[in-house]
Undergrad: 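The structure is given below, and queries will be raised subsequently.
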There are 2 protein chains.
Amino acid sequence: MSDDNHPIRIGVMSCTNIVRKLSRAINLAPNATIAAIASITNSVEETKSFAASNGFPPTAKIHSSYESLLQDPDVDAVYLPIPTSLHVEWAVRAAENGKHLLLDKPVALNVFDFDLILAACEAYGVQFVDGTQWMHNPRTAKIQQLITDPDSFGHLKSVHSCFSFAASEDFLRNDIRVKPGLDGLGALGDAGWYTIQAALLANDFKLPETVTALSGPVLNDAGIVLSCGALLSWEEGITATIYCSFLANLTMEVTAIGTKGTLRVHDFVIPFQETEASFTTSTRSCLNEHKVMTELPQEACMVIEFARLVGEIKNKGAKPDGFWLSISRKTQLLVDAVKESIDNNLEPVFLSGR
Amino acid sequence: MSDDNHPIRIGVMSCTNIVRKLSRAINLAPNATIAAIASITNSVEETKSFAASNGFPPTAKIHSSYESLLQDPDVDAVYLPIPTSLHVEWAVRAAENGKHLLLDKPVALNVFDFDLILAACEAYGVQFVDGTQWMHNPRTAKIQQLITDPDSFGHLKSVHSCFSFAASEDFLRNDIRVKPGLDGLGALGDAGWYTIQAALLANDFKLPETVTALSGPVLNDAGIVLSCGALLSWEEGITATIYCSFLANLTMEVTAIGTKGTLRVHDFVIPFQETEASFTTSTRSCLNEHKVMTELPQEACMVIEFARLVGEIKNKGAKPDGFWLSISRKTQLLVDAVKESIDNNLEPVFLSGR
């Protein structure tokens, strides 16, 4: 007898805004269901109300502590969108309790911390996927396919990726993303994470040789990055520039240039439309607009992929799939390298051996 | 009595491909006419044939030497598209002969050379305009207006500009743009010139504080730049990254990000269509496509502007207008700075006082 048709039971940890979006995504995913929620800041009544107003199934359990949720035998996996500084503790405890992990980005404050999470996932045989939604948009697979096609794109030469948004005064004073004790990587760990992953994707997830922060990073009084740029360099003169900022108008660009083709995306992080995502390619002689239809929003695609991998383990005895974990680690390594270069007077950081 | 309605009489020096394009532009400009041509590589017969096949007026004189053209009293101004290494000699001689100057870019091999041209123009009261055509497209003025509008664009934060094309094997072996003795600035003086001018335009032609070449420039065996990138930094964290290359697919992008708006151009150097040029702007809430109609191609707009300024001097006794000269000098200064940084192990070059 198979449990194949039982949706993966996900517990969500916290009642933040991103949980609203992910709850909808879990509800949309045919192979996943919300089994439980835990909040340590809300009362049980408030959490119940949050669950009801976000379409949780009536069967979803309300936990008043993370421990309690992690010990719930009716929970297969957890979605963990808590501040980055708490990731190691709770991701490791989730793994110890055998809960598969959908962990928000940045995955850790640095790669050393991430390796603790990675080791726990390996030790306890749990699946890991990070919460970078655009990576699961069907458009992204199409983009990767075109960039790696030597006939139409040739060999990659240059990538520019940029994600900025103009944060409010309130955000710049109070958001966890500008607080050293919470998400201490600031715009680099938030917006920069996406731009780095885009540069990696264009390079078929090969690590660059060097990472150099560009002059002019903007830091707040606590030393948190509000805006910065970096250059990533691969062998054979392939380069990528990234730019991330909390201080500039909403922009989500990727431009990748090969010897034969150029690819442009204007909304790579969050597509302007939920069910259709576009990009353009051009060669010397012509410009093509590509539209990729998506039945479900990209965050639901992410949940489906996560639940599929968990299902392979739970129902078919498969081993955890290390693909997403390896991409998370590479991205974290590059986030760290940009930070190290900023802290080290913009000196290049050599990735060899890391 | 006024000569206002007499078109400015332009002599073109050489029979290169760019002269075909500019001859058409002069023919299209109502205030200019082709008065003469000089070629030192073609026979008189060949030059006559070139003139005929490019729609020169039958009155256009054929000169077999540059000296002869420069002494022709029926020539008001010259278009000089000869190799950069010859610019100082022939631009200065043109000025000495009272001929106004439309000089192709890059204007010189370095700013010291350019200052010799500048001094000659000032000494002999001749008008100077460089041959960067896109600067004269009506779209460019519209772009500049929008970028400098604090209401819709806010304050500039970041610019990325890129111009690349995949040169043929023959070009990479034989074109004057890859030869030290001819156009020794390579891709930086050619494609890079445009990207630097775009970054300057976005900054209202204010010079940056520092220029730093990015790692990974590609040079040929003779040390000529085939591909490179650079970071330009202004006060208050404003940065521009530029990328220029002879080794990557045709791409002509500008992305400028302000605190309130983002502006994108995909064909800034040569618009995809001759009589209509577009760009997009976006704010947090909406995306606008702008189309700017142009009755004449941008190279004709450039000739009209040049002839207009020459006409002011010739017909109205005005002084030469220094605007275009100052932009050419700033661009050359930044081209030099990128080259200096490449030659100096990617150290930043400080522009203060230059």
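Convention: sequence-line order gives letters A, B, ...; per-chain numbering from 1. Because the structure is predicted, anything quoted here is derived from the model rather than measured.
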Undergrad: Please work out whether the ring planes of H160(B) and H160(A) are parallel, tilted or perpendicular, with thresholds of 30° and 60°.
TA: parallel
Undergrad: Taking all atoms of both residues into account, what is the closest heavy-atom pair of I147(A) and F153(A), and its distance?
TA: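 So the two residues come closest at O-CD2, 3.2 Å.
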Undergrad: Let me have the donor-acceptor pairs involving side chains of residues 198-205 of chain A, under 3.5 Å, with sequence neighbours excluded, atom names and distances please.
TA:
from: N203(A); atom 1: ND2; to: A199(A); atom 2: O; distance (Å): 3.0
from: D204(A); atom 1: OD1; to: Q144(A); atom 2: NE2; distance (Å): 3.3

Undergrad: For chain A, which residues from residues 247-269 of chain B have at least one heavy atom closer than 4.5 Å to it?
TA: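 Residues of residues 247-269 of chain B touching chain A at under 4.5 Å: L247(B), A248(B), N249(B), L250(B), T251(B), E253(B), T255(B), I257(B), G258(B), T259(B), K260(B), G261(B), T262(B), R264(B), H266(B).
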Undergrad: Using 30° and 60° as the class limits, which term best fits the ring planes of H290(B) and F279(B): parallel, tilted or perpendicular?
TA: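 The rings of H290(B) and F279(B) lie parallel, inter-plane angle below 30°.
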Undergrad: Measure distances from S215(A) to the heavy atoms of chain B and classify the residue's part below 4.5 Å as side chain, backbone, both or neither.
TA: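 Backbone plus side chain of S215(A), per the 4.5 Å heavy-atom cut-off to chain B.
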Undergrad: Answer yes when R139(B) and E276(B) have at least one side-chain N-carboxylate O distance shorter than 4.0 Å, and no when they do not.
TA: no
Undergrad: Looking at D183(A) and R177(A), is there a salt bridge between them, counting it only when a charged N and a carboxylate O are closer than 4.0 Å?
TA: no
Undergrad: Check whether C228(A) gets within reach of chain B through its side chain, its backbone, both or neither, counting any heavy atom under 4.5 Å.
TA: neither
Undergrad: Looking only at side chains, do D149(B) and Q145(B) share a donor and an acceptor under 3.5 Å apart?
TA: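 The answer is no; no qualifying pair exists.
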Undergrad: L346(B) and T212(B): which non-hydrogen atoms are nearest, and at how many Å?
TA: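 What the structure gives for the nearest pair is O-CG2, 3.3 Å.
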Undergrad: Quick check on S233(B) against chain A: is it the side chain, the backbone, both or neither that has a heavy atom closer than 4.5 Å?
TA: side chain
Undergrad: What part of L214(B) gets within 4.5 angstrom of chain A, counting heavy atoms only: side chain, backbone, both, or neither?
TA: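 Both parts, heavy atoms under 4.5 Å.
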